[in-house]
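Input: a single structure, listed below in structure tokens.
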Amino acid sequence: MTGRGRPRKAEKTNGAESKTTQEEMKKAVTRSRRKNVTEEKHDDTAKPKEMDQTKANHTPAKPSVPGARRGKTTKHTTEELNKQQRTPSDDTRGPVKGTKAKTCSDRAKSAEEIKGEQQETPKDTTEVSVETTKPRKCPLNSKSTKHFEETMTTQSETPNSITQESFKITDSKAHNGKAKSAEKFREEAMKDQQETPKHTTNPEIDSILYTTLEKLKIRKNDKANASEIINPAKKKIFDHVKQNIEWFKEVESVPTGSYYENLKISDPDEFDIMLAIPLERVNIRSFGEDGAYFSVGLKRGNSPLKKFQENETLSASKMLSEFREEVKKCVKELPGWQMAKMKQGCPAVTLTGPRVNADSEPISLDVVLCLKVKSSWPEFTHDGFQIQRWLGTKVMQEYKRKPYYFVAKHEGDGEDEHDGIKAKDVWRISFSHIEKDIMRNHGSEKTCCEREGKRCCRKDCLKLLKHLLSLLKEKKPRLFSKFCSYHAKTTLLHACCLRVRDSDWEAESLSRCFIQLLQDFLGYLEKGVLPNFFIKRQNLLAGIEQKNYKKLACCIKEELEKGFPIFM
DNA sequence: ATCCTTACAGAGACT
DNA sequence: AGTCTCTGTAAGGA
């Protein structure tokens, strides 16, 4: 949320969720009413569900992307695009669909150890980036590259061009941050900004990236169809578990995942919803080394959850199986929906439903059982989540006052034991709600991406990185199966903390920003360390074989060198 | 507490 | 480029 409009509420109330589901019903009505109006207007007699998706596709869509509008290539780009949109068997969109980038088993793995120095900054990849982005297909000319380097060095923010000296400067800045206010930093940033040339654009790459982004857009019809499918199903499940599980009386539903963050690409075919049980007072103990897993126990008091308590620990596996059984019953009454087979250690109950369009994958809905804890964030999070320079100290403190969640997720087969507690009974900490909020309020300035403000390319960069990753996964599924969109998201979040100003992410500088983001990612891959954004000590790349992330780095470098043929 | 209205953001599509 | 449409989110009143 931004400066305008309703003030941001500090915390969601308990009632908010039931309200939400009710609203969903009401909205469905409103929508069908509105739809009728629209249909009359357009003389379209088709029923909503059978609505002709091609309708939208027949209409030439002008790219709403600044670069596409501005550039000489606009016409060409637009035409190409329309052709692609008109063709149902479009194979450029095809590959995206099957790639479920979200199965991120490694997110669970523990960081072996992260050695003291400069963890959050990937090592120097300037060599790679500068050299590889030179060839004619990728015309970052030497001048702009030099300029680029200079820019970055001046800013002392990029992970790649950081010299020991500049790092120290950054580091001390960061530490002083505790004493200095965010405003002070902004002032400094503003000063820097005046000295720093603004953008290093690259028309050729820009054009490819804009065209790609256009392809990744979710079609309006698809979205409408999806919401018509997904919302009643969500409501039905929510109402059912609330009524039929006695410890679900106070459950709240928290929509999460890329769809609700407006980061979903291609088709609206994956939805995540957390069903959260609010807990008043809990004892938590970390499980294993990486700081993301906890055993959760209830403090004294009466709770319907008592029956799941063993060794002062709430058994995630027992709760999950009761939850799963109840969802199963409900799904039987949902025509067109099925329950997917349970995956080992998977926190979600995955349901599959109808398709939003003929070419898409069936909709999948992950219903995640979780606990909502209203107390200060665990100790392990204290060194992570350093957003002061980007979003300000006040915003950070506001976030830290919000509750956090535990999802029923473990690693391995669940039989590993620490202190007499089995892995299957532990919970993984989750900050999806914070991630979602940050993605929505991602600007250093309050007006970033608003009508009155400047548009930035943070989200576009992330979409492109996700897309690149899923295309590479599709190319080499065995090698890259463990990489997921969460790696991309985490890379962006770190990048936002390194390059904090909105002017570092101007929409017009898409190619520069995206290339820089790729360099960040390469840096993490080459080091083999990508710290969780919230829990620094958890390495999201632990558990992936070294040869695989080296290989991925290779593939990405190749794309950089050749000007992203994979997108064409 | 629940229902309903209102307002706004975000994004796609239309003119 | 400006405007409209639709979905999702949230506040607040009845």
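The chains referred to below are lettered A, B, ... by the order of the sequence lines, with proteins before strands, and numbering in each begins at 1.
- The base of C:dT7 does not come close enough to the side chain of A:K220 for any donor and acceptor atom to sit less than 3.5 Å apart.
- One interatomic measurement links the two molecules: CZ of A:R440 to C1' of C:dG8, which rounds to 9 Å at whole-angstrom precision.
- Taking only side-chain nitrogens and oxygens, A:Y259 never comes nearer than 4.0 Å to OP1 or OP2 of C:dT7.
- For A:I273 and C:dT9, the CD1 to C1' distance is 14 Å, given to the nearest whole Å.
- Put simply, the residue from A:L464, A:I265, A:D460 that forms a side-chain contact (heavy atoms from CB on, under 4.5 Å) with A:T212 is A:L464.
- In summary, the side chains of A:Y259 and A:D272 do not present any donor paired with an acceptor at a separation below 3.5 Å, with no hydrogens or angles considered.
- A:D437 has its CG atom 13 Å from the C1' atom of B:dA9, to the nearest Å.
- Rounded to an integer number of Å, the gap from A:N221 CG to C:dC6 P is 10 Å.
- Rounded to whole Å, atom P of B:dG12 lies 12 Å from atom CG of A:D222.
- If you check B:dA11, C:dG8, C:dA10 against the side chain of A:N231, the one that comes closest is C:dG8.
- Atom CD1 of A:I229 is separated from atom P of C:dG8 by 12 Å (rounded to the nearest Å).
- Across B:dG12, B:dG10, C:dG8, the shortest atom-to-atom separation from the side chain of A:S227 is found for C:dG8.
- Atoms CD1 and OG, on A:I230 and A:S364 in that order, are 8.0 Å from each other to the nearest 0.5 Å.
- When distances are taken from the side chain of A:R219 to each of C:dC6, B:dA13, B:dG12, the shortest belongs to B:dA13.
- For the pair A:I218 CD1 and C:dT7 C1', the interatomic distance rounds to 11 Å; values are reported in whole Å.
- Using a 30° and 60° split on the angle between ring planes, A:W247 and A:F308 fall in the perpendicular class, above 60°.
- When rounded to the nearest whole Å, the span between OH of A:Y260 and P of C:dA10 equals 13 Å.
- Looking at heavy-atom distances under 4.0 Å, A:K436 makes contact with sugar-phosphate atoms alone, never a base.
- Between A:F385 and A:F534, the ring planes lie parallel to each other; the angle is under 30°, not in the 30° to 60° tilted range.
- Note on A:K459: a side-chain N or O is less than 4.0 Å away from OP1 or OP2 of B:dA11.
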